[in-house]
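One is the number of the first residue; the rest follow in order along the sequence.
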Amino acid sequence: VQLQASGGGLVQAGGSLRLFCAVSGGTFSNYHMGWFRQAPGKEREFVSAISWGGVNIYYADSVKGRFTISRDNAKNTVYLQMNSLKPEDTAVYYCAASGTYAYARTSEYKWWGQGTQVTVSS
């Protein structure tokens with residue numbers, strides 16, 4: 001299974017970005033998907049997760065109300081719409097996949113993408 005994250009970039013505070021994670025190999029609709037981020041000098045942290053069929057969705061408190069996760073099983077892609085971005089959202093964002101139930105722990109995910117840089121200027 002391979003994951004390719006894209007969509008990152010430089011944006012001013014208050015702006016928006018949409019991240020994409022394209023998945024190849026395996027059966028995408030069987031995977032629980034997650035987004036994590038890692039800022040310089042910090043541990044990788046949970047951002048959001050979505051279950052196989054998109055019914056169960058979870059967010060970190062820090063992004064709740066600003067970020068929206070979604071998936072298109074026909075396109076083998078998971079999205080992260082990020083609105084009202086803040087400088088503290090600056091990080092490398094990673095998508096991850098699991099063939100079993102997964103939520104907020106990195107150890108729950110088996111496959112990882114390479115990351116995409118998001119930089120929010122003040």
Side-chain angles (χ1 to χ4, degrees):
V1 178
Q2 293 185 328
L3 287 72
Q4 180 71 42
S6 61
L10 173 63
V11 64
Q12 289 187 332
S16 299
L17 283 174
R18 193 183 196 199
L19 303 185
F20 303 80
C21 178
V23 179
S24 59
T27 303
F28 178 72
S29 59
N30 289 346
Y31 300 142
H32 192 113
M33 300 297 299
W35 284 98
F36 290 76
R37 67 187 181 186
Q38 188 166 18
K42 295 187 177 181
E43 293 187 353
R44 193 168 297 188
E45 66 174 5
F46 170 74
V47 174
S48 183
I50 186 168
S51 60
W52 303 277
V55 173
N56 298 311
I57 289 176
Y58 311 96
Y59 296 102
D61 288 342
S62 59
V63 307
K64 202 171 294 183
R66 300 187 298 121
F67 291 11
T68 302
I69 191 172
S70 61
R71 66 189 295 158
D72 186 336
N73 286 348
K75 296 182 178 180
N76 292 355
T77 301
V78 62
Y79 308 94
L80 186 68
Q81 178 66 43
M82 306 186 296
N83 298 330
S84 302
L85 282 162
K86 304 175 181 180
E88 51 263 44
D89 294 319
T90 296
V92 177
Y93 283 71
Y94 298 89
C95 58
S98 172
T100 59
Y101 173 81
Y103 175 25
R105 291 182 293 185
T106 57
S107 60
E108 294 174 321
Y109 293 84
K110 184 174 182 179
W111 301 284
W112 290 83
Q114 84 293 353
T116 185
Q117 176 71 47
V118 172
T119 302
V120 184
S121 63
S122 57

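No donor-acceptor distance shorter than 3.5 angstrom exists from the side chain of Trp35 to the backbone of Val47, with no hydrogens or angles considered. Side-chain N or O atoms of Ser98 include none that pairs as donor or acceptor with a backbone N or O of Lys110 at under 3.5 Å. A distance-only check finds a donor-acceptor pair linking the side chain of Thr77 to the backbone of Lys75 [under 3.5 Å]. Not one N or O on the side chain of Gln38 forms a donor-acceptor pair closer than 3.5 Å with the backbone of Val92. Here the side chain of Arg66 pairs a donor or acceptor atom with the backbone of Ser84 at under 3.5 angstrom.
Across every non-hydrogen atom of Tyr59 and Thr68, the tightest pair is OH-CA, 3.3 Å. Shortest non-hydrogen contact noted between Tyr109 and Ala102 is CZ-CB, 3.5 Å. In plain terms, the two heavy atoms of Ala13 and Ser122 that are nearest each other are CB-CA, 4.4 Å. The two residues Phe28 and Asp72 have their closest heavy-atom pair at CE2-O, 3.8 Å. Looking at every heavy atom in both residues, His32 comes nearest to Thr100 through CB-O, 3.7 Å. Residue Trp52 comes nearest to Asn73 through the heavy atom pair O-ND2, 3.4 Å, listed as atom of the first residue, atom of the second, then distance.
With sequence neighbours excluded, the residues satisfying ring pair (Phe, Tyr, Trp, His ring centres under 6.0 Å) with Tyr31 are Trp111. Residues forming a side-chain contact (heavy atoms from CB on, under 4.5 Å) with Val11 (at least two apart in sequence, or on another chain): Leu17, Leu85, Val120.
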Chi angles and distances behind the side-chain contact (heavy atoms from CB on, under 4.5 Å) call for Val78, Ile69: CA-CA 7 Å; Val78 62; Ile69 191 172; 4.0 Å; yes
Given the rule in the side-chain contact (heavy atoms from CB on, under 4.5 Å) test, do Asn76 and Arg71 qualify, once you have shown the distances and angles that lead to the verdict? CA-CA 8 Å; Asn76 292 355; Arg71 66 189 295 158; over 6 Å; no
Can Phe46 and Tyr58 be said to form a ring pair (Phe, Tyr, Trp, His ring centres under 6.0 Å), step by step? CA-CA 10 Å; Phe46 170 74; Tyr58 311 96; 7.5 Å; no
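Two residues are said to be in side-chain contact when any heavy atoms from C-beta on lie closer than 4.5 Å; Val1 and Val23 meet this criterion. Within the 4.5 Å cutoff, the side chain of Arg18 has heavy atoms near those of the Tyr79 side chain.
Under the side chain to side chain contact (heavy atoms under 4.5 Å, CB included) test applied with Val63, the options Lys86, Arg37, Met82 reduce to a single match, Arg37.
Hydrophobic clustering, with ILVMFWY side chains joined whenever heavy atoms are under 4.5 angstrom apart, groups Val118 together with Leu80. Residues Ile57 and Tyr93 are members of one and the same hydrophobic cluster, defined by side-chain heavy-atom contacts under 4.5 angstrom among Ile, Leu, Val, Met, Phe, Trp and Tyr.
Between the side chains of Ser6 and Gln4, no donor-acceptor pair is found at a separation under 3.5 Å. With hydrogens and angles left out, the side-chain atoms of Asn83 and Ser16 include a donor and acceptor closer than 3.5 Å.
Remark: Leu19 CG to Thr116 OG1 distance equals 6.0 Å, nearest 0.5 Å.
Here the two rings, on Tyr94 and Phe36, have centers that are 6.0 Å apart or farther.
Geometric assessment of Arg44 against the ring of Trp112 yields a positive cation-pi assignment under the 6.0 Å and 45° thresholds.
Environment of NZ in Lys42: sparse, with no more than 12 heavy atoms of neighbouring residues, nucleotides or ligands closer than 6.0 Å. Counting non-hydrogen atoms of neighbouring residues, nucleotides and ligands closer than 6.0 angstrom, the CD atom of Gln117 exceeds 12 such neighbours.
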